[in-house]
Amino acid sequence: MATVGVMNGTKLRLYADQAGGSTYTVVGNSLDVTLSYTHSPRETTSQDSGGNASFLEGKRSFTIDFNALHSEDGTNRFQLWYATLASQSLRGLVTFKIASTTSGDTTLTGSGYITSLVQASGGPESNATFNGSIQGTGTLTTGTVS
């Protein structure tokens, strides 16, 4: 049964396949995931517009930003993301799924290129983290957690 009411943010996870396939593994020790979807209409203002701006549909794009705690033995750890970004054959291409673990909830799947990857120390006696950004390519596909 799908989540009823406001979803607890702990349930929403980023899953990725650094080989560009569909064998998704959850980003371990994840702190958060953000999907931003934008539409950039194209301007069609002309001398016939009477001084009013006019627009038609344009490009749609999406980006994903994520943060996780660094773990040397974690799934989808920093080193795996870095290897994908540095790979001559993949050049940072990943496939991903954003989903909860609750049957009936919506999933979003797609692919994109890693555009940034940062490994950071939290300072003395704090957690080491890493974060990254993915620039989507193509379309997002909606599905359902089964």
Side-chain angles (χ1 to χ4, degrees), residues 1-70 74-123 127-146:
M1 181 170 153
T3 300
V4 176
V6 176
M7 181 184 289
N8 182 326
T10 304
K11 291 176 130 189
L12 197 58
R13 307 293 300 270
L14 173 63
Y15 300 78
D17 184 338
Q18 274 92 359
S22 60
T23 305
Y24 305 109
T25 305
V26 69
V27 175
N29 301 313
S30 181
L31 297 172
D32 59 61
V33 59
T34 303
L35 169 69
S36 300
Y37 194 86
T38 60
H39 178 232
S40 301
R42 56 192 165 99
E43 187 168 3
T44 59
T45 306
S46 70
Q47 291 176 336
D48 298 328
S49 300
N52 298 301
S54 60
F55 297 87
L56 288 174
E57 78 291 337
K59 293 187 292 184
R60 295 173 300 237
S61 63
F62 63 92
T63 56
I64 295 173
D65 297 303
F66 62 93
N67 296 292
L69 297 173
H70 175 70
T75 58
N76 272 311
R77 61 192 183 277
F78 176 83
Q79 287 79 3
L80 294 175
W81 286 91
Y82 174 75
T84 302
L85 182 58
S87 166
Q88 288 297 321
S89 61
L90 292 173
R91 296 188 172 238
L93 179 64
V94 296
T95 53
F96 62 85
K97 173 174 71 170
I98 297 175
S100 77
T101 55
T102 303
S103 181
D105 282 356
T106 301
T107 64
L108 292 169
T109 58
S111 61
Y113 290 91
I114 303 167
T115 56
S116 72
L117 191 58
V118 177
Q119 186 172 15
S121 168
N127 296 323
T129 62
F130 75 96
N131 60 68
S133 294
I134 301 168
Q135 174 63 60
T137 184
T139 60
L140 284 172
T141 303
T142 303
T144 305
V145 177
S146 53

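What's counted below: heavy atoms across the whole structure, side chains too, no hydrogens, waters or symmetry copies.
By the 6.0 Å contact criterion, CZ on Phe62 is enclosed, its count of non-hydrogen atoms from other residues, nucleotides or ligands being greater than 12.
Of all heavy-atom pairs spanning Leu31 and Thr129, the tightest one is CD1-CG2, 4.3 Å. Taking each heavy atom of Ser49 and Ser54 in turn, the nearest pair found is OG-OG, 3.7 Å. The two residues Asn67 and Asn131 have their closest heavy-atom pair at OD1-CB, 2.9 Å. Ile114 and Leu85 make their closest contact through O-CD1, 3.4 Å (heavy atoms, listed as atom of the first residue, atom of the second, distance). The two residues Arg91 and Tyr113 have their closest heavy-atom pair at O-CD2, 3.5 Å. Met7 approaches Ser100 most closely through the heavy-atom pair CE-CB, 4.1 Å.
Every residue two or more places apart in sequence or in another chain was checked for a side chain to side chain donor-acceptor pair (under 3.5 Å) with Thr141, and none qualifies. Partners of Ser61 under the side chain to side chain donor-acceptor pair (under 3.5 Å) rule, at least two apart in sequence or in another chain, are Thr38.
Of the options Leu14, Thr63, Leu12, Ile64, a side-chain contact (heavy atoms from CB on, under 4.5 Å) to Leu35 is made by Ile64 and by none of the others. With Gln18 as the fixed residue, the side-chain contact (heavy atoms from CB on, under 4.5 Å) test singles out one of Thr95, Thr25, Val94: Val94.
Taking CG from Leu117 and CD from Gln79, the interatomic distance works out to 9.5 Å, rounded to the nearest 0.5 Å. A distance of 11.5 Å separates CZ in Arg77 from CD in Gln119, rounded to the nearest 0.5 Å.
Of the possible polar contacts, one joining the Asp17 side chain to the Thr23 backbone as a donor-acceptor pair under 3.5 Å is found. Between the side chain of Asp105 and the main chain of Thr3, a donor-acceptor pair closer than 3.5 Å is present. When atom types are taken as modelled, the side chain of Arg60 and the backbone of Ser40 share no donor-acceptor pair closer than 3.5 angstrom.
The salt bridge (charged side-chain N to carboxylate O under 4.0 Å, His left out) analysis of residues 132-143, with sequence neighbours excluded, yields no pairs.
With 3.5 Å as the limit, one finds no donor-acceptor pair spanning the side chains of Thr137 and Ser111.
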Step by step, would you call Arg42 with Glu57 a side-chain contact (heavy atoms from CB on, under 4.5 Å)?
CA-CA 6 Å; Arg42 56 192 165 99; Glu57 78 291 337; 2.8 Å; yes
Under the side-chain contact (heavy atoms from CB on, under 4.5 Å) criterion, do Trp81 and Phe66 qualify, and how do the steps go?
CA-CA 12 Å; Trp81 286 91; Phe66 62 93; 3.9 Å; yes
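Using bins of under 30°, 30° to 60° and over 60° for the plane-to-plane angle, the ring pair Phe130/His70 lands in the perpendicular bin.
In this structure, Thr142 and Thr106 have side chains that are in contact, with non-hydrogen atoms separated by less than 4.5 Å. Using a 4.5 Å heavy-atom cutoff, the side chains of Phe96 and Leu140 are in contact.
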